[in-house]
Amino acid sequence: MATILVIEDNRQNRYLVTFLLEREGHTVLQATNGLEGVALAEELHPDLILLDIQLPDIEGYAVAERLRQAPTLDDTPIVAVTSFAMVGDRERALAAGCTGYIEKPIDPMTFLDEVAMHLQGGSQETPS
Amino acid sequence: MPFRKPSPPSQTSSADVELDGFKTIWRVVVPYTLFSALWIALSNRALALWAPDAATLTTWQTFKGWLFVLISALFIAWRLRIEFQRRRRAVTALAASERRVQKLNRIYAVLSEVNQTIVRVRNPAEFLPKACEVAVEVGGLRMAWIGLVDPENGAVRPVAHAGVTNGYLEQLHIALDDSPRSKGPTASALRSGQPVVVDSVADDPRMAPWRKYALELGYRSIAALPLISGGAVRGVITLYSSEPAFFNADEVKLLEELALDVAFALEMADQEKRRAQAEERLRMAVSASAVGLWDWDLRTNEVYFSPEWKQQIGYADHELENSLDAWRRCIHPQDLASVFDASGSYLVVSEPNYRLEFRMRHKDGSYRWILAQAAVLFDECGAPSRILGAHIDITPQKMLEAELEARVHARTEELEAAMEKAQTADRLKSTFLATMSHELRTPLNSIIGFTGVLLQELAGPLNEEQKKQLGMVYESARHLLALINDVLDISKIEAGQIELKIAPFDVRSAIEAVLRSMMPAAQRKGIALSAIVDENVSEVISDRRRVEQILLNLLSNAVKFTERGSVHLHCRVEAPMVLISVQDTGVGIREEDLGRLFRPFQQLDEGLTRRHEGTGLGLAICANLARLLGGYISVESKWGVGSTFTLHLPLRPPTS
């Protein structure tokens with residue numbers, strides 16, 4: 001079982017993700033904005049970070065970049081979870097250092113599978 | 001000069017008469033001498049032969065001398081008589097010949113004086129009376145008049161006369177019909193174009209209508225000569241002599257020359273008049289149009305400026321001298337080089353259209369815009385000799401142009417501002433779209449997520465009714481999300497925010513991928529889904545994801561609207577495009593509905609809307625995407641039979 005950091009400003013979504021992850025037995029850390037997320041990640045070194053892109057303080061891309069700069073977090077999988085589906089968002093997310101990309105709305109069935117895959121270090125995304 | 005110099009008539013000189021007298025003497029003396037010589041030689045011998053005896057011989061010898069004197073006297077008398085007769089005849093002939101010569105000489109003098117008059121005096125109103133006057137005074141005629149044909153009614157109108165008329169012309173009343181008044185010499189000459197001579201006014205039947213008064217005025221013979229120019233009879237000159245039979249063949253010949261010269265002068269005068277009129281018209285046109293003319297003699301560098309030329313820049317004719325210097329002074333210093341350069345280059349390369357705009361300083365100090373056009377005249381060696389040009393004051397147009405330019409400038413600035421505003425608005429729109437996308441989808445994502453959790457009973461078991469109702473919530477939320485996604489998609493396309501990823505890809509594999517994802521839906525409806533990709537189809541350079549999106553949409557529409565039958569995809573190359581058509585056996589589209597097919601939110605059949613899932617945005621999105629990719633979508637359909645949608649996609653992007 002893993003420790004997973006969820007950076008998500010929307011309370012309902014945060015709850016949904018937490019519910020599903022905890023139901024699987026994971027330990028869930030919650031951050032409601034980007035800076036808090038960075039601080040928590042640096043402090044607690046989670047096994048996986050689920051990152052919302054549109055955050056109230058700094059953009060998810062910036063968060064990903066900062067996390068990647070932290071020496072202790074350079075190989076932690078970061079999965080962008082967003083409905084922000086403008087063309088190029090996926091590419092931008094990967095370029096900013098994310099290892100994967102899950103599009104909202106979350107399908108409870110596939111979501112956990114994807115999380116498990118990212119925990120194992122696998123990725124269906126390749127930066128282009 | 002058309003005036004031929006008539007050769008003077010041949011004349012018998014008085015030297016001939018002297019010679020004749022000398023001959024007469026010889027004609028008497030020579031025969032007498034011969035006769036005398038014969039007498040001396042033969043008379044005695046003849047007498048001797050004839051005389052019967054010596055006495056008779058002696059007697060006859062006495063008489064022989066007397067006989068000689070008698071015979072020779074008779075002989076001389078006879079010779080002299082013949083000679084005197086001959087001489088009288090010769091003198092009479094000489095006198096007649098001299099009279100004829102004098103007459104011809106007079107007419108010759110008339111001809112030459114008239115010619116001089118014609119050359120000197122160009123105006124017919126002056127030279128025609130003068131010609132009549134000369135004919136009467138120099139030619140010794142009784143009367144002469146000239147009548148011209150009135151072009152309107154063909155009547156002859158006397159325009160000039162000289163000599164004794166006493167109102168004769170006023171009662172001429174020449175007719176052109178068939179009456180006796182149309183048979184006179186003037187009318188005949190007019191009709192025939194030939195000279196007409198009346199030798200005896202007293203006897204000629206043609207003179208019947210005018211005979212009495214003509215004889216009273218002392219007219220004894222008449223010659224009428226047509227004035228012919230340009231092949232038409234323009235009038236007649238009619239001459240009256242107090243001598244009967246005055247006009248013989250030689251006179252008429254000379255007078256014909258006279259008529260020819262007068263006619264020619266008339267023609268010249270006409271041409272002169274027409275030329276003067278044309279000139280006057282041109283002058284008036286030039287003056288009215290305010291075109292300034294200039295004429296530059298390149299050999300002497302003399303220039304001429306028309307009064308209008310000077311008036312354009314405010315000067316009266318005398319206030320500005322006609323010189324190149326004056327011209328140079330008036331041209332705007334900045335334009336000076338171009339003006340004289342232009343003249344030079346025009347000369348050098350013979351530009352067909354010399355046309356130049358420049359500024360000239362007005363007398364009041366302001367500058368006027370001038371449009372100059374010119375033409376070069378060349379001398380016989382082909383070297384330019386003169387430039388003729390025209391100036392038009394285009395200052396008003398220039399001012400309008402400037403105003404227009406200012407307006408255009410202002411308008412451009414406005415447009416630029418508007419553009420910037422629009423770009424700002426565009427950025428705002430873009431941000432708005434992104435925000436909306438997030439704000440609308442975030443709560444919807446929660447709804448769908450939680451509904452999913454509940455439906456999968458991850459939060460506890462549900463009864464059947466709860467499952468059914470939650471299923472409906474789930475479906476509705478999904479539909480709403482699709483709708484939002486489509487609206488955002490089309491808004492992005494319309495806002496030009498679609499970024500294309502153009503790269504080479506294999507059409508065949510893209511089609512296979514799309515078919516794979518459509519297969520389950522087709523199978524669920526029991527519809528046969530098939531595809532043929534022609535062998536020559538391979539790679540295209542385009543945005544694979546967008547092409548797939550379009551094909552997926554077309555296929556899902558085809559499956560959606562087909563209740564039974566098949567959906568068939570065919571891909572072929574028609575360079576420079578690749579054509580991918582999706583044919584179904586569905587409901588088809590009415591012809592009147594084809595027009596609004598690609599507009600947003602148009603699902604054609606209201607009834608169908610309920611039966612067929614979809615946002616009504618799919619085709620609009622596809623059409624827009626196809627356009628972005630440089631292609632388009634065409635459709636053929638028959639109501640109740642089926643539809644074929646074809647994506648026409650360029651093999652490579654139009655810009656590359």
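Just so it is clear, the values below take in all heavy atoms, side chains as well, and ignore hydrogens, waters and symmetry mates. Reminder, nothing fancy here: chain letters follow the sequence lines and each chain counts from 1.
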May I ask you to test the N445(B)-I106(A) pair for a side-chain heavy-atom distance under 4.5 Å? no
Counting neighbours of CZ on F19(A) that are heavy atoms of other residues, nucleotides or ligands and sit closer than 6.0 Å, is the number greater than 12? yes
Applying a strict 4.5 Å limit to non-hydrogen atoms, the region of L16(A) in contact with chain B is both
Taking atom NZ of K104(A) and atom OG1 of T442(B), what is their separation to the nearest 0.5 Å? 5.0 Å
Atom CD of E103(A) and atom CZ of R441(B): how far apart are they, to the nearest 0.5 Å? 7.0 Å
R66(A) atom CZ, neighbour heavy-atom count above 12 within 6.0 Å: no
Residues passing the side chain to side chain contact (heavy atoms under 4.5 Å, CB included) test with D9(A), sequence neighbours excluded, are D52(A), L55(A), P56(A)
Mind checking which of residues 511-522 of chain B sit less than 4.5 Å from chain A, heavy atom to heavy atom? none
Pull out the residues in residues 446-463 of chain B that come under 4.5 Å of chain A, heavy atom to heavy atom, sorted by number. S446(B), I448(B), G449(B), F450(B), G452(B), V453(B), Q456(B), L458(B), A459(B)
Sequence neighbours excluded, the answer for side chain to side chain contact (heavy atoms under 4.5 Å, CB included) partners of I527(B) is K525(B), V559(B), T562(B), V567(B)
Measure N10(A) against the heavy atoms of chain B and call it side chain, backbone, both or neither at under 4.5 Å. side chain
Proximity breakdown for F111(A) and chain B, heavy-atom pairs closer than 4.5 Å: neither
